[in-house]
Number of protein chains: 2
Amino acid sequence: MTDPCNPLCDNCAIDASAEVNIEGDAEMGMQSNGRRKMVYVKGESVFTEGSQPSGVFCLKKGKVKIHKTGSHKKEQILRFAREGQLLGTRALIRNEYYTSSATTIEGSVLCFIPKHEFLAKLGKDDDLKAFVLSNLSNNLKLAEDKITQLSISSVGQRLAIIILRLIEVYGFEEDGRTVAIELTREEMANLVGAANETTIRLLSSFKRKGLILLNGRKLTVINAADLAKLAIATS
Amino acid sequence: MTDPCNPLCDNCAIDASAEVNIEGDAEMGMQSNGRRKMVYVKGESVFTEGSQPSGVFCLKKGKVKIHKTGSHKKEQILRFAREGQLLGTRALIRNEYYTSSATTIEGSVLCFIPKHEFLAKLGKDDDLKAFVLSNLSNNLKLAEDKITQLSISSVGQRLAIIILRLIEVYGFEEDGRTVAIELTREEMANLVGAANETTIRLLSSFKRKGLILLNGRKLTVINAADLAKLAIATS
DNA sequence: CGGTGCCTTGATACCAGTCAAATAAAGTGG
DNA sequence: CCACTTTATTTGACTGGTATCAAGGCACCG
């Protein structure tokens, strides 16, 4: 279940622990090997749907959402990246434009690896190849799960599934039950693929049922077992 | 857009043009190199969700659907395989159980390549590696498109998109406008992620609007342009 | 204070799912 | 080849889950 570590960046000289919360635009420092360290504040775009990739990004620290904008307004969040994962590999491998966007949801540090370096290394480093293959496979599995959920589960079920999945990916805060990621209601809705208001109503209903607590954007899970039951209910 | 050819099977000794329509269970003939030629009739299962992969399959001839069964009854078709594509690579690469099933939708010939052979070749053949990477990437892109469609488009839009997509994948029959694949209404519904009856109603409405013709399971596209317009309408 | 953005709740409409029943089509055995 | 069963398709009526529209509350901030 856990991903292998990333052979491209394990020995990377970039210090991820650095100043994450710096204000202003993405800050970049050139490294000796052509890589660049990029520091982003919350809500900044890493790359956008439709643009041309010039390299891949490695998420060293922070949280990034991968999302897609449909024709009209509404966006769909496809997944969140974990620290250590590579972003933008799909487009580079197929030599296509990005078909999704990446945006930070908190201050983050990424390492940019130029196209030629990535492709060259991918050509000769077997560990990297295995890492990328495994990552793509896993993302495909998650995407397919999401397709199934969207077409056969209700919004309530999907919301329950997603809360549990957020715990899987990000875990809890120190209290051991508050999910370690803060999303706006809209992001939550874009994640489940439902309207904003519907999502709020369902969160409230979960709260009334004693499954969760809500405190602003903090979400505390009180009864994960019942939440899981709800997620798999027949209808 | 077109996939590169498949380095694993291009020089494969298996003759795909053989007796596709043989009755009875999947027939297999051992090849010198441990591969097996498998002949399937329509509707046979190639592999099923939850079982353990022992190799990969190459679709030499025919049509295969990749689908997933949710907890309760309804199935979701994720995609169709093209001739020349490998099936079941995801599970093997991650060393996991299958998370989806593959079923023939017409008489088909597949080549089974045992796990050890596939993994060994994947380890040393760069072309194969590139092929698999490219395929996984493309499947991921398609899956993500589907997620977006499911969450922001109406059933009618999705149906239009899927008809156009079927043309892309399978093309037309000799008349140049009848889609070269025959699906049951239920398969159509499982593909768009909607109820059977809803799908039928929408197909009828497309017919009334003069966009398509229906003749049993044959679907003839009369006005592809308007179908495309319908697919991207605001709501 | 009066924005501005986010969250919440209410009322209403409608898309699409479900249930039910009538054909139509496709097998099946004699 | 026909009668019979089974399965697939179609249409209708109804219901309900969600989206949409609208208004109000709340917090943060210049």
Side-chain angles (χ1 to χ4, degrees), chain A residues 23 42-43 70-76 105-106 148-162 182-208 212-220 230-231 233-235, chain B residues 21 23-24 41-43 70-77 105-106 148-162 181-208 212-219 230-231 233-235:
Chain A
E23 295 295 323
K42 178 178 172 176
S71 44
H72 202 59
K73 200 180 164 188
K74 248 192 291 189
E75 80 162 20
Q76 170 66 34
I105 51 176
E106 61 179 44
T148 312
Q149 286 161 25
L150 278 169
S151 67
I152 73 177
S153 307
S154 68
V155 177
Q157 284 167 30
R158 271 142 52 197
L159 181 58
I161 290 170
I162 274 163
E182 296 189 20
L183 298 174
T184 66
R185 295 290 187 265
E186 196 175 4
E187 282 173 326
M188 209 73 176
N190 294 340
L191 195 48
V192 298
N196 211 316
E197 298 92 325
T198 305
T199 308
I200 289 172
R201 272 183 255 268
L202 284 164
L203 281 172
S204 307
S205 111
F206 285 5
K207 187 179 175 182
R208 270 195 304 278
I212 59 171
L213 286 181
L214 295 168
N215 186 0
R217 291 177 192 165
K218 284 193 181 300
L219 193 159
T220 304
L230 212 160
T234 309
S235 175
Chain B
N21 290 314
E23 296 294 321
V41 297
K42 177 178 171 178
S71 44
H72 202 59
K73 200 179 165 188
K74 248 193 293 191
E75 80 161 20
Q76 170 67 33
I77 297 181
I105 50 175
E106 62 179 43
T148 313
Q149 286 162 24
L150 278 169
S151 67
I152 73 177
S153 306
S154 68
V155 177
Q157 284 168 29
R158 270 143 52 196
L159 182 58
I161 291 170
I162 274 163
I181 185 175
E182 296 189 19
L183 297 174
T184 65
R185 296 288 187 267
E186 196 175 2
E187 282 173 326
M188 209 75 175
N190 294 340
L191 195 48
V192 298
N196 204 317
E197 299 92 324
T198 306
T199 308
I200 289 172
R201 272 184 256 267
L202 285 164
L203 281 172
S204 308
S205 111
F206 284 6
K207 187 179 175 181
R208 270 195 304 279
I212 60 171
L213 286 180
L214 294 168
N215 186 1
R217 290 176 192 167
K218 284 194 181 301
L219 193 159
L230 212 161
T234 310
S235 172

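Atom set for the values below is all heavy atoms of this structure, side chains included, hydrogens, waters and symmetry mates excluded.
Here the side chain of A:T198 pairs no donor or acceptor atom with the backbone of A:A194 at under 3.5 angstrom.
Rounded to a whole Å, the CD1 atom of A:I200 is 8 Å from the C1' atom of C:dC6. A straight line from CG of A:L214 to P of C:dC7 spans 11 Å, rounded to a whole angstrom. As rounded to whole Å, 14 Å separates atom C1' of D:dT11 from atom CG of B:L203. Spacing between atom CG of B:L150 and atom P of D:dA19 amounts to 13 Å, rounded to whole angstrom units. Taking atom CD of B:E197 as the reference point, atom C1' of D:dA13 lies 12 Å away to the nearest angstrom. The CD-C1' distance, from B:E182 to D:dT9, rounds to 15 Å in whole Å. With rounding to whole Å, A:E186 atom CD is found 12 Å from C:dG5 atom P. Distance CZ (B:R185) to P (C:dA26): 12 Å, rounded to an integer number of Å.
Looking at heavy atoms from C-beta onward, B:T184 lies in side-chain contact with B:R217 at the 4.5 angstrom threshold. Counting heavy atoms from C-beta outward, B:T199 and B:R185 have side chains that stay 4.5 Å or more apart. Within the 4.5 Å cutoff, the side chain of B:M188 has heavy atoms near those of the B:L159 side chain. Here the side chains of B:F206 and B:L230 are in contact, with some heavy-atom distance below 4.5 Å. B:I212 places a side-chain heavy atom less than 4.5 Å from the side chain of B:L214.
The base of C:dC6 has none of its N or O atoms less than 3.5 Å from a complementary donor or acceptor on the side chain of A:E187.
For B:I162, the side chain to side chain contact (heavy atoms under 4.5 Å, CB included) partners two or more places apart in sequence, or in a different chain, are B:K146, B:L166, B:L191, B:V192. The side chain to side chain donor-acceptor pair (under 3.5 Å) check on A:T220 picks up A:T178, with sequence neighbours excluded. Contacts of B:K218 classified as salt bridge (charged side-chain N to carboxylate O under 4.0 Å, His left out), with partners at least two apart in sequence or in another chain: B:E173, B:E182. Applying the side chain to side chain donor-acceptor pair (under 3.5 Å) rule to A:S151 yields the partners B:Q76; only residues at least two apart in sequence or on another chain are considered.
Counting only residues at least two apart or in different chains, salt bridge (charged side-chain N to carboxylate O under 4.0 Å, His left out) contacts with residues 187-208 of chain A comprise A:K65-A:E187.
Here B:S204 does not reach the OP1 or OP2 of D:dT10: none of its side-chain N or O atoms lies under 4.0 Å away. Between A:R217 and the phosphate of C:dC7, there is a side-chain N or O to OP1/OP2 separation shorter than 4.0 Å.
Axis angle, first five pairs versus last five pairs of the helix from C:dC1-D:dG30 to C:dG30-D:dC1: 40°, rounded to 10°.
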Extract from the structure each pairing of a protein N or O with an N or O of nucleotides 25-28 of chain D at less than 3.5 Å, listing the distance.
none

For nucleotides 11-17 of chain C, print each protein N/O atom paired with a nucleotide N/O atom at under 3.5 Å, atom names and distance only.
unit_1, atom_1, unit_2, atom_2, d
C:dA11, N6, A:R201, NH2, 3.4
C:dA16, OP1, B:V155, N, 2.9
C:dG17, OP2, B:A195, N, 3.2
C:dG17, OP2, B:T198, OG1, 2.6

